[in-house]
Amino acid sequence: MIEHSKYVVDLHIHIGRTRLGAAVKITAASSLTLKSIIHYAKEIKGIDIVGVIDCHVREVLCEIEDDIANGIAIELEDGGINYSGVTLLLGSEIELYDENCQGPIHVLAFLPTLAAMHEFSEWISTRMKNSSLSSQRIYENARVLQQKVHELKGLFIPAHVFTPFKSLYGKGVKESLKEVFTPALIDAIELGLSSDTQMADQIAELHSYPFITNSDAHSLEKMAREYQIIKMMNPTFKELRLALKGENGRRIVSNYGLNPLLGKYYETICAKCSAVVTLQCSNCGSTSMIKGVSDRLRELASSKSIEVARPPYQHQIPLEFIPKLGKKTLEKLRDHFGTDMNIIHQVEEKQLQQVVSPVISSAIVAARNGTLSIKAGGGGTYGKVE
């Protein structure tokens with residue numbers, strides 16, 4: 001019988017700056033470097049596999065190759081780069097807006113090897129205005145991009161598919177992914193912070209795809225705010241592909257993500273004064289709104305929804321959302337108990353009380369048990385633990 005291990009996997013992490021200080025993801029923190037991502041994954045967050053989605057940038061590729069040449073990292077035979085126990089998967093986030101799109105759509109492409117990523121980087125550089133930056137628009141048909149990713153033995157995944165801006169169902173299509181994509185060339189669906197499995201399965205055409213939950217981290221602390229536990233033989237690209245297909249015991253065991261109420265786009269919000277609205281703002285009278293994920297999904301919901309066998313979706317509240325838990329207290333918790341995974345999910349309340357106040361320790365346990373009260377977010381503002 002094949003033995004599998006469980007791995008913590010976060011497949012959507014940005015690089016803010018290169019080692020030379022050049023901007024990659026302009027809106028991401030400058031402290032979010034390749035080196036710091038690996039350190040945080042291993043020592044602070046407890047992540048086994050990180051998907052770094054700015055690896056098409058040539059300076060990033062050069063840094064990885066230098067790390068391999070200097071013995072800091074090893075390219076794995078089955079795909080991925082091993083950094084002393086943390087596997088880096090080579091990814092790229094790209095913005096699509098072709099003749100079939102109603103609005104821009106972000107997608108993730110993962111390639112198995114450095115050679116494949118080099119070829120992909122060269123290919124997209126002739127179709128972008130600036131391929132040294134993250135999440136740039138590609139001037140190419142969406143289906144052609146899908147075909148190229150699969151030609152290079154890669155994985156193609158629409159990103160944060162329900163957010164109001166730059167996503168598949170946000171503004172990208174009217175009703176169906178078939179308007180833009182070839183369904184058979186989609187390998188998974190990334191849900192995003194303002195939705196969960198139950199919400200997404202209101203859409204019948206998504207029932208055949210595995211759902212993934214990732215942080216979309218723009219800072220180090222945001223890493224692993226959403227992730228998945230995956231059963232695989234080894235932490236490699238090949239094993240991830242097999243797990244997404246559910247082959248030979250490999251599978252997503254569970255998804256961990258924010259309670260959708262905590263996401264930035266759960267409620268529909270008045271674009272002028274940020275009040276919660278339906279058709280017209282009762283506060284200022286404006287009819288301009290930022291449609292929330294909850295309302296958009298109600299529009300798209302299939303009339304004949306069926307029960308879909310899915311991994312359990314565990315609502316998780318990151319430590320930075322816990323009231324009165326500041327940076328110094330967080331450092332103290334990490335000094336005593338190690339990674340955030342351990343603090344959030346494992347450490348007993350009695351142990352927590354030896355380090356932090358009863359108010360904070362009880363809040364961590366309440367977050368673990370799903371009993372904290374939450375005010376919903378929307379319009380680009382996170383929800384709040386009350």
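All heavy atoms count here, side chains included; hydrogens, waters and symmetry mates do not.
Ring centers of His160 and Phe162: at least 6.0 Å apart, outside the cut-off. Outside the 6.0 Å centre-distance limit, the rings of His315 and Tyr256 are not counted as a close aromatic pair.
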Q. Between Cys55 and Glu63, is a side-chain contact (heavy atoms from CB on, under 4.5 Å) present by the stated rule, with each step listed?
A. CA-CA 10 Å; Cys55 289; Glu63 182 174 355; over 6 Å; no

Go through the steps to decide whether Val86 and Val50 satisfy the test side-chain contact (heavy atoms from CB on, under 4.5 Å), and finish with yes or no.
-> CA-CA 7 Å; Val86 174; Val50 293; 4.1 Å; yes

Q: Kindly determine whether Ile15 and Ile37 satisfy side-chain contact (heavy atoms from CB on, under 4.5 Å), including the steps that lead there.
A: CA-CA 8 Å; Ile15 288 179; Ile37 288 169; 3.9 Å; yes

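Formation of a donor-acceptor pair under 3.5 Å by the Arg127 side chain with backbone atoms of Trp123 is found in this model. Side chain of Asn259 to backbone of Leu261: a donor-acceptor contact under 3.5 angstrom is found. With hydrogens and angles ignored, the 3.5 Å screen pairs no side-chain donor or acceptor of Asp54 with any backbone N or O of Ser134. No donor-acceptor pair closer than 3.5 Å links the side chain of Arg251 to the backbone N or O of Ala243.
Tyr382 carries Lys264 over the face of its six-membered ring, with the cationic atom under 6.0 Å from the centre and within 45° of the normal.
A donor-acceptor contact closer than 3.5 angstrom is absent between the side chains of Gln136 and His56. A side-chain donor from one of Gln316 and Tyr227 sits under 3.5 Å from a side-chain acceptor of the other. Counting only N and O atoms by type, the side chains of Glu226 and Asn214 include no donor and acceptor under 3.5 Å apart. When only modelled atom types and interatomic distance are considered, His336 and Gln351 share no side-chain donor-acceptor pair under 3.5 Å. Under 3.5 Å, the side chains of Glu59 and Thr18 contain a donor-acceptor pair of N or O atoms. For the residue pair Thr213 and Asn255, a side-chain donor N or O sits within less than 3.5 Å of a side-chain acceptor on the partner. There is no side-chain donor-acceptor pair under 3.5 Å between Lys231 and Ser5.
Rounding to the nearest 0.5 Å gives a distance of 8.0 Å between CG of Leu240 and CD1 of Ile212.
Glu119 has its side chain within reach of Lys148: a pair of non-hydrogen atoms, C-beta onward, lies under 4.5 Å apart.
Remark: Ser176 pairs with Lys178, Glu179, Glu205 by the side chain to side chain contact (heavy atoms under 4.5 Å, CB included) rule, at least two apart or across chains. The side chain to side chain contact (heavy atoms under 4.5 Å, CB included) check on Ser30 picks up Arg17, with sequence neighbours excluded.
When the side chains of ILVMFWY residues are joined at heavy-atom separations under 4.5 Å, either directly or via intervening members, Val355 and Ile44 end up in a single hydrophobic cluster.
No salt bridge links Arg225 with Glu320; every basic N to acidic carboxylate O contact stays at or beyond 4.0 Å. Electrostatic pairing of Lys375 and Glu386 does not count as a salt bridge here, judged by no charged N lying under 4.0 Å from a carboxylate O.
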